[in-house]
Structure formats: structure tokens, C-alpha cells
Amino acid sequence: MNNLEINMENHEETAEKVSRNFIQNIIDKDLEEGTYHKVVTRFPPEPNGYLHIGHAKSILLNSNLAKEYQGVFHLRFDDTNPTKEKTEFIDSILEDVKWICDDLDTEQVYYASDYFGQMYEFARKLIKKGKAFVCDLSAEQMREYRGTLTEPGKESPYRNRSVEENLDLFERMRAGEFEDGSRVLRAKIDMSSPNMNMRDPVIYRVARREHHNTGDQWCVYPMYDFAHPIEDAIEGVTHSICTMEFEDHRPLYNWVVQELEFEIPPKQIEFAKMYLTNVVTGKRYIKKLVEDGIVDGWDDPRLVTIAALRRRGFTPESIRMFMELSGVSKAQSSSDYAMLEYCIREDLKMKRPRMMAVLDPIKLVITNYPENEIEYLDVSNNQENEAMGTRKVPFGKVLYIEREDFMPEPPKKYFRLYPGNEVRLMNAYFVTCTDYAVGQDGKVTTVYCTYDPETKSGSGFSGRKVKGTIHWVCAETAEKAEIRLYENIVDEEKGVYNEDGTVNVNPNSLTVLKDAFIEPALAEAGAMDSFQFVRQGYFIVDSKDSAMDHMVFNRIVSMKSSYRPK
RNA sequence: UGGGCUAUCGCCAAACGGUAAGGCACUGGACUCUGACUCCAGCAUUUCAAGGUUCGAAUCCUUGUAGCCCAGCCA
């Protein structure tokens, strides 16, 4: 080993020092002190909607932690409230979680509803300990008894029922003897606690609802605060990582864990939710947009549900990278959408082919190019990754170029085509603009040029340089395509709803370009293939319906451009 | 105005009493057969504010200020 290699090694060691987040610090300490010996984490969605980008943070945080500590990660459906839950959502969540962490297998999937029997017994245990009671107060009465944020609550008149009576009543609740809402089981804690969650919280309610998993087996269902710690304990979860709004629930979580005397008590840790700037992440808002028909469904590419991002062309790798770059903390924060775009650009740029497509075409005629001749140029699929090989691209006398790549009267520092200027046609020849034609509407229709055969791409020509390079597509062989440019649908700076109650929708959230042309090689792509359209950004084949006479592409992200006229 | 939590660059986020990492964004410049990519340079004399302790404070103490969460038989 020579000195250089030694230096490199040292360098790598120092560069490896990556900062650890506060959760890793907690786990490190727990392991060191022997509180736990194996890390078990979980992601516990309620199947009442589709997952969005914010959930991806929780999924990845939990699964990565399990991986890092050679532990186990569970996907657990927190399906304790049948009034809101649907199998449609279970299916979508399963699909999305599998997509985000590609190594999830079915053994890691759990259902809270599978523990209903055990939960019922745990509730009885609480009753026997004198720590829970059946309460006959109505919902409104209970609200009155609860007190306010600044005033303590009053104890329920049913609080001191005997253990026997409570056991009997609870049994009859379960047997279906009482109407929905007529009685609940409550934990007996402290009505004067400054923490509202500790004021004798409801832990079981009566609800005659068909459950997607247990059918009509139950008519009493446990509440989150009671069920969750039990679910964690049953599964051996060590670190129950949730979002900040549950911080006030931690004392109750710990109360349940303690009163039920679990051998290895799970520990709840809270972190701040991920918000994205100018994007709707609230589940109820997304739900409303779907229900109101403002978007086409939960996977409409203008949303940031996982399904929508997937359809828009984001890769799981890009989402993972985004979460890694974002970090974890307890401070309320909102990540910049630009960072997500950076991640998908970064992920795609080396691994997807770069092809030519013209989104807003005008014709370019090469006056000195032979009539009816088509030549096939060798073009690299990705100049930065030669392993991606080459392809043949047809070239002829008549081409399409981008409307914005020609200006009759160019502003200063415009490097593209204008009368008298010479530019490179990418992967082909230099052309000089000699003339142009304008249609009745005053818009340019055709640009006339001459080309210089000596300047052919790959010929090594170095006689002169040009400032601009533009892309093109051969008119005779080009295929037609439809391009959809999606923007995130709602501008949250203005709020999701306007004052009159209408949804504040970005009117330009979807732009459809119907007259785009793509090079022939692109026409062979299958649905969900992604490409970089040279100088246009990254696109994904969204639809290739044989009934249509063209392909449909969605834009993932546009490219940066440092040219801004005026 | 009860309780809980948070406050470090436009946006995330490190720093754990020893003299403010990094990424995104942005701005210059170099390179260029993509005005992309890449590269190089610049971007917090200061950590919500004011006091205090200390040789030394983003870190400890005091007093304020601002934001978020909690009064579902939702999760």
C-alpha cells in the first residue's frame, strides 16, 4: 500500500462521519443500557385513505432504523375504527409500502384487529384492578364533565361502580345489549389533570359496524389510546415512533403499558411530520379533492400521494434520497419541493436514456440538403453513461424544432437560431438561418437554413464554434405524442380553501400539449418507462393505449435553465 | 389566559460548554455537441430577544417573545 492509498483511506474515514439523529441517539442509549436487546419498529397506518409523501418519511424512518440495528420492521394496519376503514385503502397502502421499501414481505404485515380478543381481556384486567369503569354519560354530558383547557373536569357519577358491576356491564356491552353510544368503558385516571388525555379517557365504545377483517364478530371497539400500546407490546415493538401530535398522549400510553404490566414495555418517541411547501398533504383535503371530483382520483399526478408520485414518474430511490436529505427532528418544518425535484433529477440522470422530442414544434427546412434523403446518425443514449449504448436517429431535409429556439429579433445573449446565426443541431450538423416564414396569425411557421456537411457530429470538426445547440426531430419519421405538464394542484400559501368555501385550485395545474413530436426510438417505449427529453426535462410514458394514435407522457421535472430573456 | 412541544442561513439540518458541519435554493466563474450535467468560488463574526454565570455559551441560569399541538365515543 502506497502513501496515496493510505491517505485516501484516512480521508474516507473522516468523511464517513455522518451526524446521527435524535432517535438514533435514544436507541443507542437503550441498547447500551440493556433496556432492549433487539430493535422492533412499526409503521401503523389507519386504512382510511391513501398514503402521501408525509407517510413515506415515517415508513422509511421506521424501516431504516430496523435495518440499521438488525431489527425488525412491522407494517401494522391500525384498523380499530370500522366506520372509516375500507379494504381499498388496505390494498393501496400495501402496494405503496412495498414500493417504498422493496424488501417488505407478507410476514411483516399485521392487523390490530387480530388482537381484539386480547384487547378485550386486557380491558377486563383493567376493570378488575379497579382502573376502568363503564360510564353511562352521553357524549355531550361527557364533554361537559371533561372541563376545559383551563378548568379541571368533574368525575363521572358512574365512576365508583363496583368491579362486579363493571365486569357485568362490559360483558353486556360486548354482547350487544346496549345501543351505540349509550355506554363506554373509561380508564380511571385523573379528571383534574392538566393533560386532557388523562381525564378518564374512553377506551372502548359500542359500534355496530361491519369490520373489514372481523365482520360482525364485535360490536365494541377499542380506542386508539388503549389499543396502540397493546398492539406494540404484543408485537414486541421497542420503539414506537409517531408524530408530534401524540406527544400529549405519551403519559396515557405509558399508563396503559404500566397498568397492564407488560414484560418489555415499548417506548413512544415523537418526531415532526414532514410538510412540503405549496403542496396539499392533509388527508382530509386530499380526500375532499377526490370526492369533489376536482382531481381524477387518489393517484392523480397533481397530488402528492405515493400513488400519484409513482404515476408522475418518481422512483422509490428518489423518495428515499429525499427523506435522507431531509433529516429528522422535533421542530415543525416544511421541506422545499425543490429538494424533491433535485432527488428525482439526481436519480434519473445517469440511468435513463436521453432522447429528443419537440414539444411546441415549428418546421426547419435545410435548403441545401438533398431532397427525399434520410440518413441515420449514431447517437449516444446517455453521454455521461456510455454503458447505455447508442441508437440510430433519422435526419432529413425537413425537421421540427422548438418554437422557442428561433427568434426573428433576438434579445441580447440569445444563443439560439435567428436570421444569420449558426447553431448546432444536436448530434447532427451546424445550420445557419437564412430566412423564415410567418403564418396568417403572425406566428413563425417555418425556418429556412443551410447546413455545413463538414460539421457532422462525431467528425471531429473544430474549424469554428457555435454558442447554441438545439434539439430537433426528423419530420418524416417523427411520431406524434401528447405531453402533460402537471403542477401541484393547490397553492397552500393561499390556503386549501378560499373564504367562500371553494377549493383554491391552481388553474394551470394541468397543461396538455397535443402536437409534440418524438423521435422513432421513443415510440417503442412501454408504459412507465422514463426518459430525459433533451433540454426539456424528465418524462415518463404514462399511457400507451393502442386505441390512441399517439403516446402520452407526463413530465416528472423540468430542467434548470439559466437563460431568462429580458 | 391550563398543559405539552419547538425556535440555528430563503428551506431542511448538525453541533451534547472549547470558538457555527452538510444538503437544497441562490449568486459569480470555468467547461460544454443539452444555457443541462460537472467543476471551482461565494453565501450565519453569529444561533428568537434581553440579561446573567464562565477564561470561554447556540449549548447552563433568568425573564420575555413567537409558532405548533390538546377539550372525538377519530387515529
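Throughout, protein chains are lettered first and strands after them, A, B, ... in sequence-line order, and every chain is numbered starting at 1.
- Checking A/Lys392, A/Arg354, A/Arg391 one by one against A/Glu519, the salt bridge (Lys or Arg N to Asp or Glu O under 4.0 Å) holds for a single residue, A/Arg391.
- The A/Met223 side chain lies nearest to B/G72 when the options are B/G35, B/C37, B/G72.
- Taking for each of A/Asp180 and A/Thr150 the nucleotide of RNA chain B with the nearest heavy atom, the 5'-most of the two is the partner of A/Thr150.
- Per the geometry, CZ belonging to A/Arg143 stands 8 Å off P belonging to B/C73, to the nearest Å.
- Side-chain atoms of A/Arg250 and base atoms of B/G4 include no donor and acceptor less than 3.5 Å apart.
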Pick out the pairs of N or O atoms, protein on one side and nucleotides 38-44 of chain B on the other, that lie under 3.5 Å.
unit_1, atom_1, unit_2, atom_2, d
B/U38, OP1, A/Lys349, NZ, 2.8

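- In the interface, the side chain of A/Asp248 is paired with the base of B/G3 through a donor and an acceptor atom under 3.5 Å apart.
- In this structure, A/Arg209 places its CZ atom 16 Å from C1' of B/A75, rounding to the nearest Å.
- Under the side chain to side chain donor-acceptor pair (under 3.5 Å) criterion, A/Ser240 pairs with A/Arg42, A/Asp232, sequence neighbours left out.
- Which of B/A75, B/A25, B/G4 sits closest to the side chain of A/Ala338 comes down to B/A25.
- Out of B/C74, B/C70, B/G35, the shortest distance to the side chain of A/Phe415 is found at B/G35.
- A donor and an acceptor atom sit less than 3.5 Å apart, one in the side chain of A/His249 and one in the base of B/A75.
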Show each protein N/O and nucleotides 10-15 of chain B N/O combination with a separation under 3.5 Å, one pair to a line.
unit_1, atom_1, unit_2, atom_2, d
B/C11, O3', A/Ser334, O, 3.3
B/C11, O2', A/Ser334, O, 2.9
B/C11, O2', A/Asp336, N, 3.4
B/C12, OP1, A/Ser334, N, 3.3
B/C12, O5', A/Ser334, O, 3.4
B/C12, O2', A/Ser326, O, 2.4
B/A13, OP1, A/Ser329, OG, 2.5
B/A14, OP1, A/Val328, O, 3.2

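- The side chain of A/Arg535 places an N or O atom within less than 4.0 Å of a non-bridging phosphate oxygen (OP1 or OP2) of B/G35.
- Remark: ring of A/Tyr563 stacked against base of B/G35; centroid gap under 5.5 Å, plane tilt under 30°.
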